[in-house]
Amino acid sequence: MKSPDIEAWHRTSPFAILFFFGKIIRLITKNAWQSFAPLFAFLIAYKGDLVSKLILGGSVAAVALIVGAVLSWLFFRYQIHDDSILIRSGVIKKKQLDIKFDRIQAVNTQQNLLYRVLGLVTVTFDTAGSAGDEGNLPAVTREFANELRKNIGGRKTAKADDEGPAEATEPLLKLDWRDMIRIGLADRRALIIVAFIGPLMEQVGNMEQVGDNLEKSIENALLSANLDVSQLDVGTGTLIVVGIFFAAVFLLVSVSIAAAFLQYHNFELYLDGRTLRSHGGLITRHEHSMDIEKIQTIRLQQGVVQNWLGRFRMTLRQAISGRKQRSQKMFTIPVVTAELADNLRPLLLAAEAGRLTQNPRAERFQAISPYHMRSRILFAGLVPAVMLTALLVLEVGIVGLVALVWLPLVGLVSWRNWKRAGYLHDDNEIVRRSGLLGYRTVSLLFRKVQRVTISQSRYQRHKKLASLRVYMASGSVRIPYIAHETATQLRDYILYKVESSQRAWH
Amino acid sequence: MFQNPEIALSELPGTDDVQWQTLDPSYKGLRRLQNSLGIVAAAVPLVTVTVAANLPLLPAVILFACWILLAALLLTWPGISLPKRGYVLRDKDILFRKGVIWRSVTAIPFNRIQHVETSSTPFDRKFDLATLQLFTAGGSSGDLKIDGLSTAVAEQLRVFILEKAGASIEIA
């Protein structure tokens, strides 16, 4: 940073108070809500002048929060050096955080509605294997954030003497409203909620009063419409239940589509030199960036809905430090087609690799041994099914045979899993495919591997098969049930690639 | 001068003819000792329950038969499983194998090792043993533990591996 006051302590904009306000509230809701529960109970149980008490308690809490936020802002200061950033914070418990630029994996920014109006952003530094503290710079100007990002990213690109500052690059990807609907439809949370709400809704529908009232009102409506109600009597109840169910599904899907708009509206993906950037969001704008050198695995994933839509969720994973949540170490492209993903891959892998396809429907995938399916059916299907059936038949009689249903179920799942498993590789990378309802493909560069394990069960040894597990800094990838010889050859080749590599894996 | 010769898969060094180093023989004794302590500790509640609940003869016999069976297994198992464990130091990596029914061979290249740790429990120290742990990037799943090494060997390995790992500092 070429500013003259390099070693001075800076304070962020006073609007950062808002950030600290939110942070304190989050801290309270996370850690102390249990202790607030009795307070609420007390307030509810007390019938006296509840309103005035609430007002008093509320205002005291509000004042305390505001004072806390202002103090946090006053005590939050930072310094920017040539190769690191120093952050001091804490009112009572002082904290100093020294983040070396080298360790920063990504610089992410967030911008809520107010900040957007004011041209401010909150910067988050994503560091590799740090002691758990994430660095935040709340409410700094957008220009400052950009310059900081350029400085941090620039240190590496300068070494690799790539192209200069690429300002107005074309976006690699733009998502429109149709994609938002796709994201919303594919939201797994919506499906889960439907599964839970479905039966619940049915109960509500069965509740006599509600049912009666609804029936009556519908009857009235039908009567006024001059229809013969007696014919509809039987169906009315189920009609209502089904109606409520579909209404709930519709509501949930709309909510998740709205959530997709909130998070990804106007999503755009850019590649600036060696830094991948994305931004999007309706009210709060999220901006993420990742150094493409740091990508450990590239993953394409789809559930049932995305399988129908022919779309995938693409995630780029970087090294995790064990303590931190995996999701924080991912760069997500919420919806892509397989073709687009295959076009992005060579860019992300920077001419090193990327000739392979990650499209699960490609013909080139090599199958794994069918013994994978057989051993599953044997050990997870047949043995438990027989044991359970025997037990049940002894206990409850012939009805116990129902347990045999387990067997075809396991058989079906194992067959599907085997059918969808596969791998393909070239000199530099390997792609693994798996899946049950949708598909999942993961690719990795051989030279970034951390370690390799070959394992064999007794059954596999008998059939001259083995499973290969490749450990990356972002987690492991397993290729089960391939020929033992192939597995050792691959292992030896991976070791050769890693050991002869002169480049950093991170 | 940059060279990039083609490498045939069959010419890559394999692991078929490597000399596996076994763990320290006294480790078997230690594991047996630890297991027998566990067996004795398990006998206490067993006897208490039998006496206190005044169990009939048959369940009591079954209970103790199970106990004896378990004890026999725990005492013989180290003799079966520990000889299967072994490691090989190569110029550029370390291999570690283990397993009786599920066998596995793990390979860690030295240039991926983040740090090395040796540790020993009071039990270990009585037997002059130590555990060597190799850490690679990628969180808790990313480490290899070799227990039952003699203290001297563990120390030698630690120094050797650190030196190898340090020598392979890469160009960013």
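As the structure is a computational prediction, the values presented were derived from the model and not from experiment. Chain naming here is simple, since letters A, B, ... match the order of the sequence lines and numbering starts at 1 in each.
- To the nearest 0.5 Å, the span separating OH on Tyr471(A) from OG1 on Thr106(B) amounts to 6.5 Å.
- Judged by distance alone, the side chain of Arg112(B) and the main-chain N or O of Val449(A) form a donor-acceptor pair under 3.5 Å.
- Using a 4.5 Å cut-off between non-hydrogen atoms, the part of residues 61-99 of chain B that approaches chain A consists of Arg90(B), Lys92(B), Asp93(B).
- For CD of Glu155(B), the number of neighbouring non-hydrogen atoms (other residues, nucleotides, ligands) closer than 6.0 Å is greater than 12.
- In this structure, the portions of Ile454(A) lying under 4.5 Å from any heavy atom of chain B include both its backbone and its side chain.
- The two atoms that bring Gln450(A) and Pro109(B) nearest to each other are O-CD, 3.3 Å, heavy atoms only.
- Residue-level contacts of residues 34-58 of chain B with chain A do not occur; threshold 4.5 Å between heavy atoms.
- Nearest heavy-atom pair across Ser501(A) and Asn111(B) is O-ND2, 4.1 Å.
- Identified by a heavy-atom distance below 4.5 Å to chain B, the contributing residues of residues 455-464 of chain A are Ser455(A), Gln456(A), Ser457(A), Arg458(A), Arg461(A), in residue-number order.
- Of the two parts of Arg491(A), only the side chain, counted from C-beta on, holds a non-hydrogen atom closer than 4.5 Å to a non-hydrogen atom of chain B.
- For His372(A), the ring pair (Phe, Tyr, Trp, His ring centres under 6.0 Å) partners two or more places apart in sequence, or in a different chain, are Tyr481(A).
- Rounded to the nearest 0.5 angstrom, Thr453(A) OG1 and Ile108(B) CD1 are separated by 8.0 Å.
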